[in-house]
Amino acid sequence: MIESKVSYHPDQRGYYGNFGGAFIPEMLYANVEHLRKCYLEISHSTSFQEEFNSLLKDYVGRPSPLYHAKNLSKKYGATIYLKREDLNHTGAHKINNTIGQILLAQRIGKKRIIAETGAGQHGVATATVCALMGIECIVYMGEIDIERQAPNVARMKMLGAQVRPATSGSKTLKDATNEAIRDWINHAEDTHYIIGSAIGPHPYPDMVTRFQSIISEEIKSQLKEKTGSELPDYVVACVGGGSNAAGAFYHFLEDESVKLVLAEAAGKGIDSGHSAATSILGSEGIIHGCKTLLMQTEDGQIVEPYSLSAGLDYPGIGPLHAHLIKSGRATVYAATDDEAMHSVLEISKMEGIIPALESAHALSVLSQMNLREEDTVVMCLSGRGDKDLDTFVNYLEKKENG
Ligand SMILES: *Cc1c(COP(=O)(O)O)cnc(C)c1O
């Protein structure tokens, strides 16, 4: 029997192997189907590409540098490069996707944007592009998250967005998502829903991945310029829903010599009952409109995830990643809150870069990888740490007080 090559791209129905698809309410079918039919043609068109690339360059500040972190390299005994998504406008990779989606929304005649947000990072990235384009923006956010993430709520309001509280259930991200979907059903004609990670019903995971794939496109050419080869031995990225990892992996998916590594949040420990190690603890199920790996009870109730890092605190993982893991193409390691905090301090002190707590998880897994002296590692530094300063200060105070 001839083994057919594994594909890392979705089929017609949006499946990556066993994962993906589009599980949506009847009333959204026409909307999602229209998006599916036109997203590739529009995003490949010359006018879209020109506007997208021009905004990435002059508004976001791309290309983001690929930085040879000499001190970390010495410590970990391999050549380590940091892909500096932390230097993007708004402080993380999320803006790459929201720019792509707002340009798409304009071209399909949508007049109104909705989004859901947990920590507020995706809400801010969405409010930013809506301000830029002069489009109405409504962001759903759990009531508890609105209290916890006051600075991001203030940013969204300054940018002209309306922040609507989700007051049902646990009053957090999944309730905000339910509210956003309810809104979408009621305004399907004129509204585009900007999903913030490589999740959701097909075509969202593929669409978001392609908008983020600028990350690996740049890594390839930057690495070639620096080392003479465009292929590293490893690409490492943290994973919440999976958009920065998907973008950092995309142009390496078919280069099987490049090992792909995902860093999940183990929270207080994988088996502590307070974790977000989704792929390790998860099983197949349906969440946010796609079939993937998620943390659930035996009767299919979603288990509330936990991580000190708000951006990794998600109960599912994008279907591309579920497929990469199950097919053996990607390897997953997990880092606890404490390990990630240790890495935050290490990158800060050794390289003079204060990373987002999410991004620090990617550094934490290097010591689990058995690196060799000759290995070249590209680590996606997905965002900067300004937003996490309170978390850092509280953590350090607790440490000092024992
Ligand atoms: C949101 C966020 C993440 C997690 O989201 P992905 O879709 O998994 O990339 C990681 N890092 C930062 C800085 C974030 O803001």
Side-chain angles (χ1 to χ4, degrees), residues 62-88 91-93 212 214-239 244-253 255-266 309 311-312 324 329-336 338-385 388:
R62 305 202 71 93
S64 66
L66 185 70
Y67 166 66
H68 180 196
K70 295 205 179 68
N71 298 325
L72 289 176
S73 297
K74 207 164 168 189
K75 155 122 207 234
Y76 287 93
T79 305
I80 298 171
Y81 288 93
L82 305 179
K83 180 59 174 162
R84 301 287 311 273
E85 294 301 296
D86 60 314
L87 294 176
N88 293 341
H93 65 290
Q212 292 291 0
I214 184 69
I215 300 175
S216 48
E217 191 182 316
E218 289 174 4
I219 293 173
K220 272 199 162 175
S221 65
Q222 290 168 323
L223 202 62
K224 171 104 186 166
E225 197 185 302
K226 286 178 197 299
T227 68
S229 165
E230 59 179 22
L231 303 181
D233 296 288
Y234 293 93
V235 181
V236 188
C238 67
V239 58
N244 88 89
F249 291 175
Y250 189 78
H251 290 284
F252 297 110
L253 288 171
D255 298 315
E256 305 264 350
S257 72
V258 180
K259 298 179 208 66
L260 308 176
V261 175
L262 292 164
E264 279 190 340
S309 117
L312 302 184
L324 292 176
R329 180 71 187 89
T331 311
V332 190
Y333 299 94
T336 62
D338 286 337
E339 289 165 339
M341 272 304 307
H342 178 84
S343 297
V344 166
L345 297 174
E346 199 167 77
I347 304 177
S348 302
K349 295 227 166 85
M350 292 181 74
E351 299 290 348
I353 298 168
I354 300 177
L357 184 52
E358 290 84 3
S359 321
H361 285 72
L363 181 70
S364 295
V365 305
L366 291 191
S367 55
Q368 303 175 40
M369 285 165 48
N370 293 320
L371 293 174
R372 299 164 309 165
E373 196 66 41
E374 61 272 26
D375 286 332
T376 300
V377 180
V378 175
M379 205 191 101
C380 188
L381 197 75
S382 55
R384 67 175 89 121
D388 297 320

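Start at 1 with the first residue, then count along the sequence.
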According to salt bridge (Lys or Arg N to Asp or Glu O under 4.0 Å), who are the partners of Glu339, at least two apart in sequence or on a separate chain? none
Sequence neighbours excluded, the answer for side chain to side chain donor-acceptor pair (under 3.5 Å) partners of Tyr76 is Glu346
Residue pair Ile353, Arg84: steps toward the side chain to side chain contact (heavy atoms under 4.5 Å, CB included) verdict: CA-CA 10 Å; Ile353 298 168; Arg84 301 287 311 273; 3.5 Å; yes
Donor-acceptor check, side chain of Glu358 to backbone of Gly311, threshold 3.5 angstrom: yes or no? yes
Is there a side-chain contact between Asn244 and Cys238 (heavy atoms, below 4.5 Å)? yes
Could you tell me whether the side chain of Ser216 and the main chain of Gly247 form a donor-acceptor pair under 3.5 Å? yes
Mind listing the closest non-hydrogen atom pair of Ala335 and His361 along with its distance? O-CD2, 3.5 Å
Is there a donor-acceptor contact under 3.5 Å from the side chain of Arg329 to the main chain of Leu324? no
Hey, mind stepping through Val377 and Val236 against side chain to side chain contact (heavy atoms under 4.5 Å, CB included) and telling me if it holds? CA-CA 7 Å; Val377 180; Val236 188; 3.8 Å; yes
What residues, two or more places apart in sequence or in another chain, satisfy salt bridge (Lys or Arg N to Asp or Glu O under 4.0 Å) together with Asp233? none
Between Phe249 and Ile215, is a side chain to side chain contact (heavy atoms under 4.5 Å, CB included) present by the stated rule, with each step listed? CA-CA 8 Å; Phe249 291 175; Ile215 300 175; over 6 Å; no
For Ser64, all residues meeting side chain to side chain donor-acceptor pair (under 3.5 Å), sequence neighbours excluded: Arg62, Lys83, Glu85
Mark yes or no for whether Gln368, through its side chain, and Ala334, through its backbone, hold a donor-acceptor pair below 3.5 Å. yes
From CD1 (Ile80) to CG (Leu363), nearest 0.5 Å: 7.0 Å
Under a 4.5 Å cut-off applied to non-hydrogen side-chain atoms, are Tyr234 and Met369 in contact? yes
Only pairs at least two apart or in different chains count here, so list each side-chain hydrogen bond (donor to acceptor under 3.5 Å, both in side chains) that has a residue in residues 65-74. Tyr67-Glu351
To check you understand the geometry: which heavy-atom pair defines the closest contact between Val235 and Ala248, and what is its length? CG1-O, 3.8 Å
What's the spacing between Cys380 SG and Ile219 CD1 if we round to 0.5 Å? 6.0 Å
Quick check: do Leu72 and Leu366 have side-chain heavy atoms less than 4.5 Å from each other? no
Going by side chain to side chain contact (heavy atoms under 4.5 Å, CB included), name the residues that satisfy it together with Thr331, two or more places apart in sequence or in a different chain. Tyr333
Contacts of Thr376 meeting side chain to side chain donor-acceptor pair (under 3.5 Å) (sequence neighbours excluded), chain-then-number -> none
Ser364 to Ser367 - nearest heavy-atom pair and separation: O-OG, 3.5 Å
Glu256: which residues meet the side chain to side chain donor-acceptor pair (under 3.5 Å) condition with it, sequence neighbours left out? Tyr8
Lys226 meets the side chain to side chain contact (heavy atoms under 4.5 Å, CB included) criterion, sequence neighbours left out, with Leu66, Tyr81
Set of residues satisfying salt bridge (Lys or Arg N to Asp or Glu O under 4.0 Å) with respect to Asp338, sequence neighbours excluded: none
Heavy-atom donor-acceptor pair, Ser359 side chain to Ser382 backbone, under 3.5 Å: yes
Can you tell me which residue pairs pass the salt bridge (Lys or Arg N to Asp or Glu O under 4.0 Å) test with a partner in residues 360-375, sequence neighbours excluded? Arg372-Glu374, Arg372-Asp375
What do the steps show when you test Leu381 against Ile347 for side chain to side chain contact (heavy atoms under 4.5 Å, CB included), and what is the final call? CA-CA 10 Å; Leu381 197 75; Ile347 304 177; 4.3 Å; yes
All side chain to side chain contact (heavy atoms under 4.5 Å, CB included) counterparts of Leu231, not counting sequence neighbours: Lys220, Ser229, Phe252, Asp255, Ser257, Val258
